[in-house]
Amino acid sequence: MVNGNDNESNSEEGHVVKIRGLPWSTTVDEVIAFFGDCRILNGKNGVHMTMSREGRPSGEAFIEMESEADIEAACKKDRDHMGHRYIEVFKAKRGEMEYVIKRSGYNLENAMDDGCVRLRGLPFGCSKEEIAQFFSVCKGLIYIILRY
């Protein structure tokens with residue numbers, strides 16, 4: 001049963017790497033390409049870009065790998081470059097990933113799947129009614145969340 005316990009603790013810990021130093025414009029596809037020789041669990045759904053509380057990219061991400069061998073291969077990419085930036089890659093625990101994602105409270109990929117758009121550069125005096133009028137051609141419900 002020792003092997004069963006080891007597998008159980010591995011599944012709880014997961015096969016997760018954290019990357020830091022990403023350009024803010026980095027996409028999930030670019031992260032997948034960066035780890036081209038590694039198997040990412042569930043493809044795009046295994047890449048978790050973290051956001052600040054304001055919904056801006058943090059420059060960090062967690063990637064769920066399929067195995068320990070994939071983590072080792074991913075960690076060999078530590079200090080490799082993505083564009084002009086070098087990327088730090090290191091092993092992380094699933095609990096840390098879940099905590100950071102939950103704490104950020106904002107997941108751009110999920111927001112985009114839900115049909116969410118972010119408006120920037122609105123005139124200071126713009127009202128909710130003016131925004132609703134602007135989107136009047138859209139079908140369905142429109143929720144407006146204002147942050148100051």
Side-chain angles (χ1 to χ4, degrees), residues 1-122 126 128 131-132 134-135 137-148:
M1 281 301 214
V2 171
N3 288 341
N5 290 340
D6 287 345
N7 288 337
E8 189 175 305
S9 67
N10 269 347
S11 66
E12 288 176 16
E13 191 174 303
H15 301 291
V16 178
V17 294
K18 180 178 181 180
I19 57 177
R20 188 167 44 199
L22 293 171
W24 289 348
S25 61
T26 302
T27 65
V28 170
D29 289 329
E30 289 171 323
V31 172
I32 290 172
F34 181 78
F35 290 109
D37 55 343
C38 302
R39 293 171 304 155
I40 297 174
L41 185 66
N42 299 319
K44 288 184 178 186
N45 292 327
V47 178
H48 307 280
M49 310 287 280
T50 61
M51 302 290 167
S52 70
R53 290 190 184 271
E54 294 79 29
R56 294 186 181 106
S58 69
E60 298 181 353
F62 290 91
I63 297 91
E64 296 178 87
M65 298 294 177
E66 289 190 10
S67 70
E68 191 65 33
D70 293 309
I71 288 179
E72 289 174 20
C75 288
K76 288 179 183 174
K77 299 191 104 5
D78 184 42
R79 308 287 174 161
D80 279 3
H81 283 76
M82 183 181 287
H84 297 302
R85 309 269 320 247
Y86 73 85
I87 307 300
E88 296 177 61
V89 181
F90 44 93
K91 188 173 180 175
K93 293 186 178 181
R94 176 172 298 287
E96 177 191 2
M97 175 186 75
E98 290 170 352
Y99 173 78
V100 171
I101 291 170
K102 183 178 179 181
R103 185 190 71 197
S104 72
Y106 190 94
N107 186 325
L108 184 60
E109 288 80 18
N110 289 343
M112 295 306 282
D113 287 344
D114 291 340
C116 178
V117 296
R118 180 176 177 192
L119 303 177
R120 295 178 64 180
L122 293 173
C126 186
K128 290 188 271 185
I131 295 169
F134 180 79
F135 286 106
V137 296
C138 298
K139 306 240 188 290
L141 296 174
I142 298 175
Y143 294 98
I144 299 172
I145 300 170
L146 300 176
R147 290 189 186 182
Y148 296 98

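The analysis underlying the following values was restricted to heavy atoms, covering all of them including side chains, and did not include hydrogens, waters or symmetry mates. This one's a predicted model, so the numbers in the text were calculated from it and none came from an experiment.
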Exercise. Going by the salt bridge (charged side-chain N to carboxylate O under 4.0 Å, His left out) test, which pairs reach into residues 26-35, not counting sequence neighbours?
Worked result: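 Qualifying pairs: Asp29-Lys44.
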
Problem set entry | side chain to side chain contact (heavy atoms under 4.5 Å, CB included) evaluation trace for Met97 with Lys18 | CA-CA 8 Å; Met97 175 186 75; Lys18 180 178 181 180; over 6 Å; no

Problem set entry | Value rounded to 0.5 Å, distance of CZ in Phe62 from CD1 in Ile101 |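 Those atoms lie 6.5 Å apart.
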
For this session: First locate atom NE2 of His15, then atom CD of Glu64, and finally report the distance between them rounded to the nearest 0.5 Å.
Result: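 Taking NE2 in His15 and CD in Glu64, the distance rounds to 10.5 Å.
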
Which pair of heavy atoms, one from [X] and one from [Y], lies closest together, and at what distance?
X	Y	value
Ala74	Cys38	N-SG, 3.5 Å
Ile32	Gly43	CD1-C, 4.3 Å
Ser67	Asp70	OG-OD2, 2.9 Å

Exercise. Side chain of Thr50, backbone of Ser58: donor and acceptor closer than 3.5 Å?
Worked result: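 A pair under 3.5 Å: no.
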
Exercise. Is there a donor-acceptor contact under 3.5 Å from the side chain of Asp78 to the main chain of Cys75?
Worked result: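 Judged by distance alone, no pair lies under 3.5 Å.
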
For this session: Count the heavy atoms of every other residue, nucleotide or ligand shown that sit under 6.0 Å from CZ of Phe90, and state whether that count exceeds 12.
Result: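 Check passes, neighbour count above 12.
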
Close side-chain approach of [X] and [Y], heavy atoms under 4.5 Å:
X	Y	answer
Met65	Ile40	yes
Asp37	Lys77	yes
Thr26	Met82	yes
Phe34	Val89	yes
Met49	Pro57	no
Ile87	Asp80	no
Lys102	Glu98	no

For this session: Start with the C-alpha distance between Ile71 and Glu68, add both sets of side-chain angles, then the distance that settles side chain to side chain contact (heavy atoms under 4.5 Å, CB included), and finish with yes or no.
Result: CA-CA 5 Å; Ile71 288 179; Glu68 191 65 33; 4.1 Å; yes

Exercise. In chain order, what residues pass the side-chain hydrogen bond (donor to acceptor under 3.5 Å, both in side chains) check against Arg85, with sequence neighbours excluded?
Worked result: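 For Arg85 there are no side-chain hydrogen bond (donor to acceptor under 3.5 Å, both in side chains) partners, ignoring immediate neighbours.
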
For this session: With salt bridge (charged side-chain N to carboxylate O under 4.0 Å, His left out) as the test, would you mind laying out the steps for Glu96 and Lys91 before giving the verdict?
Result: CA-CA 11 Å; Glu96 177 191 2; Lys91 188 173 180 175; over 6 Å; no

